[in-house]
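First up is the structure itself, then whatever we jot down about it.
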4 protein chains.
Amino acid sequence: MAQNMNLTTGIALSTPSIRKDANKNTLRVLDAAKKVFAKNGLNTTVEDVAKEANVGVGTIYRRFKNKYHLATAVSMDIFSEIYEEQNKISLTNHPADTKLELIFDYFTMASRRYGKIHDMSLQLMNSKEIGDDLQQLVTSNMKKIFLKVIIQGQKEGLFREGDPEVFQILMFNMVNPYVVYQIKQRIPMSDIPSYLSQMILKGLSR
Amino acid sequence: MAQNMNLTTGIALSTPSIRKDANKNTLRVLDAAKKVFAKNGLNTTVEDVAKEANVGVGTIYRRFKNKYHLATAVSMDIFSEIYEEQNKISLTNHPADTKLELIFDYFTMASRRYGKIHDMSLQLMNSKEIGDDLQQLVTSNMKKIFLKVIIQGQKEGLFREGDPEVFQILMFNMVNPYVVYQIKQRIPMSDIPSYLSQMILKGLSR
Amino acid sequence: MAQNMNLTTGIALSTPSIRKDANKNTLRVLDAAKKVFAKNGLNTTVEDVAKEANVGVGTIYRRFKNKYHLATAVSMDIFSEIYEEQNKISLTNHPADTKLELIFDYFTMASRRYGKIHDMSLQLMNSKEIGDDLQQLVTSNMKKIFLKVIIQGQKEGLFREGDPEVFQILMFNMVNPYVVYQIKQRIPMSDIPSYLSQMILKGLSR
Amino acid sequence: MAQNMNLTTGIALSTPSIRKDANKNTLRVLDAAKKVFAKNGLNTTVEDVAKEANVGVGTIYRRFKNKYHLATAVSMDIFSEIYEEQNKISLTNHPADTKLELIFDYFTMASRRYGKIHDMSLQLMNSKEIGDDLQQLVTSNMKKIFLKVIIQGQKEGLFREGDPEVFQILMFNMVNPYVVYQIKQRIPMSDIPSYLSQMILKGLSR
DNA sequence: GATGAATGAGAGTTCATTCAT
DNA sequence: GATGAATGAACTCTCATTCAT
């Protein structure tokens, strides 16, 4: 339980989703925060969130220890969402390369939809003090999916040998807001996932 | 060739001065800024830089219009350094794949050495208002090298077809501080470049 | 009879005083600001005001967008007060010359009592960007009273012909802190209003 | 000598004009300062003046003790200029009312031409610490002319009785930048002096 | 529990003045 | 004498966090 203790007021999470057992106000705050963080990243002020959520700032601080915990919760919420979708994909019967293609397709879209949150999450994850829970979620859960598919691909003879964890890191980081932002100025959004997955699939191929 | 050879680029952003001692001070500020930005990224305060440089804050503002201009100058300085090295590599007679390997080797090392500056630079480049000069340097110069090598590789039949600019974006972003930070917790630093370049070379191969 | 009495029960202003529906703390800030601005004019620092009001600077910025808005509020508050008194006078049945005498009497006293605020207000009013509200109050309301009385006097045959607006400007500016400051070094304060009004009444007489 | 010691480096002034005996650089600074103070008032920075004068800031500080002494010198220079002209007028054979008209004519024009300097001068004169020299010039010299003409007028039976000094103060303050600024939005510049002098002549008349 | 006013540390920036060259 | 780089106190303004109601 301790390991999955969430960031708010100690509600244990049995799964990555913070939304379960969350009280109504927590959800309002979370959704509002998602909106404003997507727009402004970590520069968002707590008051902005409060306004968007139609609650007082005090309410936010009752639910979340501080601004960074809130930001982390938002990140976790979104990554949970992505995780669940990707998990579904990983459980299908497709070959590894198809799975990766689908996974990237979804990831790219999400990365775009959530604006500066992806970026923000990376910042949080790399700031030792507060990034642990997020680290946990992404590492333990999300990355496991990438890993599973990579290993599957290696077994299927589709991907070359090499440390699957490192491959996973490369892939995970290949789709980031900067990449999406820059590529979309060259080619249509809809083509981005295919470029990405081809690059990765080729990169992994023997 | 000396450590300060390439500082001209960063200095271009500063208020030029006829006096030798003034420029010397600009270098002191720039070097100090490099140090503290590497450690703290954009969260660095101007006073931190001043302390590190043993100058008053006013001196910094005499040289650089504001904090972001200073940060940009630092970024440009470092990217210039990287650029020059990569340019040398690109001018050799190696085949495209070897060149990329060497380029990534150097890039990875630099990315690691300069800590949060790489990250900071990405932030700056993607913040329209202040990132223009940096954009310019990286886009016009550095990326051109990637581009040249990619096109060379395509001509040599080593790399597959596709928009070279997009490939270049993918490659450019593939080596970033998060990747390096995470990978180095799995494998020895010295192995990172080879993983990266293999991934990319494969990714580009026909 | 308290200082604020007339603000709640007095004649309604079309440009309302900020004191209405202002909460307790806003009034504390406003009163403190009045005190220190009277002493130091626009050189006053926000922290000075905060200290005098026994509140944090943040409180001031919560109430007033910036220092100039605060200064404007102070000016408006004082001019509102003066306006109300002058308005009362203008509504009496006295002949125009008597009215002017009374109006100037009050104006002179107020100008003296509020020290550098009168001067500050002039500065604010003539600084296009921030002086609009103040401009509005003074122009639309206060000056109208002068105007009304001047026109009345012209009708009564007491004052000579000429653009009443220009007369009004001359009168409005004739009573200013510099004048009062200098005259009071020559003659007793109590004699100042009579000198002023005689000068003006003569100046207007046919 | 002490009484007329000027503000710069102790050069004694035999007349109100600071320009006499002033070295070349002092004049350059003075003229530059006149230009920028006219535009920006006391907000002008010393560096602005230095740039306009094409000298270093150090040179300014060699010539003038500090910024306020420079501002005072500028004010004195301009008032000296006005003084000299008014003095000429006062020495003619016109009756007092004509003289006043001419004096005001010139004063109004000068007030307009020198932009924010008039305002600045008033500020300086009323700031006990630094305004003494200026006070001196204006009081001892300039105001004497007003005074002389007023007394002449009283003798000629043109003006009513009353403390001439107070009249002089009223007149001196009646022409100020705010008045001119506001009136010129109502009537043509060329009409302003006549309005002013009529107001004053009437105001003084018996 | 909810609110949002109050707090005040802290950041960026300016500029009068000094002083080494 | 002249220069202008350096200084740092001072100022404005922001915003995460607290706490009385």
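Keep in mind that the numbers below use all heavy atoms, side chains included, and drop hydrogens, waters and symmetry copies. Convention: sequence-line order gives letters A, B, ...; per-chain numbering from 1.
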Just the rounded figure in Å: distance from P of F:dA16 to CZ of C:Arg62. 13 Å
Can you check the D:Leu42 CG to E:dT14 P distance for me, whole Å? 19 Å
Close side-chain approach of C:Phe64 and C:Thr72, heavy atoms under 4.5 Å: no
For F:dA16, give the paired nucleotide (Watson-Crick: N1-N3 plus N6-O4 or O6-N4; G-U: N1-O2 and O6-N3; both under 3.5 Å), or none. E:dT7
Can you check the D:Ile60 CD1 to F:dT3 P distance for me, whole Å? 10 Å
Under 4.5 Å between any side-chain heavy atoms of B:Asp31 and B:Lys35, yes or no? no
Start at the 5' end of DNA chain F and walk down; is the nucleotide closest to B:Asn54 or to D:Gly56 reached first? D:Gly56
Could you tell me the separation between the CZ atom of D:Arg28 and the P atom of F:dA2, rounded to a whole number of Å? 10 Å
Residue whose nearest DNA chain F nucleotide is more 5′ - C:Gly58 or C:Asn43: C:Asn43
The test is side chain to side chain donor-acceptor pair (under 3.5 Å); show your working for B:Asp77 and B:Ser80 and say whether it passes. CA-CA 5 Å; B:Asp77 194 37; B:Ser80 292; 5.5 Å; no
Tell me whether the side-chain N/O atoms of D:Thr59 come closer than 4.0 Å to OP1 or OP2 in F:dT3. yes
Side chain of B:Asn66 only, please: which of F:dT17, F:dT12, E:dT13 is the nearest? E:dT13
How many whole angstroms separate atom CD of B:Glu47 from atom C1' of E:dG10? 10 Å
Quick one: look up who F:dT21 pairs with, Watson-Crick or G-U, both distances under 3.5 Å, and put none if it's unpaired. E:dA2
Any idea which of E:dA11, F:dA2, E:dT17 is nearest the B:Lys67 side chain? E:dA11
Choose from F:dA5, E:dG8, F:dT17 the nucleotide whose nearest atom is closest to any side-chain atom of A:Tyr61. F:dT17
Heavy-atom nearest pair, C:Asp48 first then C:Val36, reads O-CG1, 4.4 Å
Atom NZ of B:Lys51 to atom P of F:dG8: distance rounded to whole Å? 12 Å
B:Phe64 atom CZ is separated from E:dG12 atom P, nearest whole Å, by 15 Å
At under 4.0 Å between heavy atoms, what does A:Val57 touch on the DNA or RNA strands: base, sugar-phosphate, or nothing? base
Under 4.0 Å, counting only non-hydrogen atoms across every strand here, what does A:Thr45 touch: a base, just sugar-phosphate, or nothing? sugar-phosphate
Could you give the CG-to-C1' distance, from D:Asp48 to E:dT17, as a whole number of Å? 16 Å
Whether A:Arg63 contacts E:dA2 is assessed here as follows: a side-chain N or O lying under 4.0 Å from the phosphate OP1 or OP2. Is that the case? yes
Does the C:Thr59 side chain pair with the main chain of C:Val55, one donor and one acceptor, at a distance under 3.5 Å? no
